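Keep in mind it's a predicted model, so treat the numbers as computed, not measured.
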Amino acid sequence: KQEVTQIPAALSVPEGENLVLNCSFTDSAIYNLQWFRQDPGKGLTSLLLIQSSQREQTSGRLNASLDKSSGRSTLYIAASQPGDSATYLCAVRPHDYKLSFGAGTTVTVRA
Amino acid sequence: NAGVTQTPKFQVLKTGQSMTLQCAQDMNHEYMSWYRQDPGMGLRLIHYSVGAGITDQGEVPNGYNVSRSTTEDFPLRLLSAAPSQTSVYFCASSPEAALVTEAFFGQGTRLTVV
């Protein structure tokens, strides 16, 4: 059974600092990994999707890396802003139809 | 561009009551699924469907039923609500059963069972 872990559970940084969010998974046989953002009381917004054949994906200030063999992904957010405050979830899609989620990292960016 | 629409957004039920959470998508996606999200835990898969007329169980299916009579709709039924089913429920869809596509999520239904 795929286990997905996100450490730390919560993170507080001053505005302007770079954010590094970690995601690890136990079974490297995955098709892709997806990073989501969730604001309080809201749904999930997809940030980045990395296919298993890719090593990284970038969108604006966001960069996600994937090391499938070691079961790790990292989401980097450059020059953090208060608007980046949210919970960030990673999810892996193994060789079936079932996304497996981590519990998330709650980020607070202090102005 | 509606995407994935869930109704209602909030619901309070008494123990033993039944209800249906609605999910509809207008993107012609084949694959749809239901998750529940509880504090401190990741989203857990309840049921999923790879196309109209086809459903299967996920990680936590007990107490829930689903059907998929059309491509657009994937309702989740609670036959006899229990306090343990208090949670936030998310519906998701993907363009096809192929595994390389991203998932799109609805805004969630916050359910409280008293």
So for B:Gln6, is it side chain, backbone, both, or neither that comes closer than 4.5 Å to the heavy atoms of chain A? neither
Tell me, side chain or backbone of B:Arg110 under 4.5 Å from chain A's heavy atoms, or both, or neither?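 The answer is the side chain of B:Arg110.
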To the nearest 0.5 Å, what is the distance between [atom1] on [X] and [atom2] on [Y]?
X       : Y        : atom1 : atom2 : value
A:Thr87 : B:Gln37  : OG1   : CD    : 8.0 Å
B:Tyr35 : A:Phe101 : OH    : CZ    : 5.5 Å
A:Leu99 : B:Tyr31  : CG    : OH    : 6.5 Å

For [X] and [Y], work out which heavy atoms get closest and say how close.
X        : Y       : value
B:Phe90  : A:Lys42 : CZ-O, 3.7 Å
B:Ala103 : A:Arg93 : CB-NH2, 4.1 Å
A:Ala103 : B:Gly40 : CB-O, 3.6 Å

Which bit of A:Gln38 comes within less than 4.5 Å of chain B, counting heavy atoms only: side chain, backbone, both or neither? side chain
Residue part contacting chain B, namely of A:Leu89, when any heavy atom lies under 4.5 Å: side chain
Under a single-linkage definition using a 4.5 Å side-chain heavy-atom cutoff for Ile, Leu, Val, Met, Phe, Trp and Tyr, are [X] and [Y] assigned to the same hydrophobic cluster?
X       : Y        : answer
B:Tyr89 : B:Val4   : no
A:Tyr31 : A:Phe25  : no
A:Phe36 : A:Leu21  : no
A:Tyr88 : A:Val109 : yes
B:Tyr64 : B:Leu13  : yes

For B:Arg44, does the CZ atom sit with more than 12 other heavy atoms under 6.0 Å from it, leaving out its own atoms?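 Enclosed.
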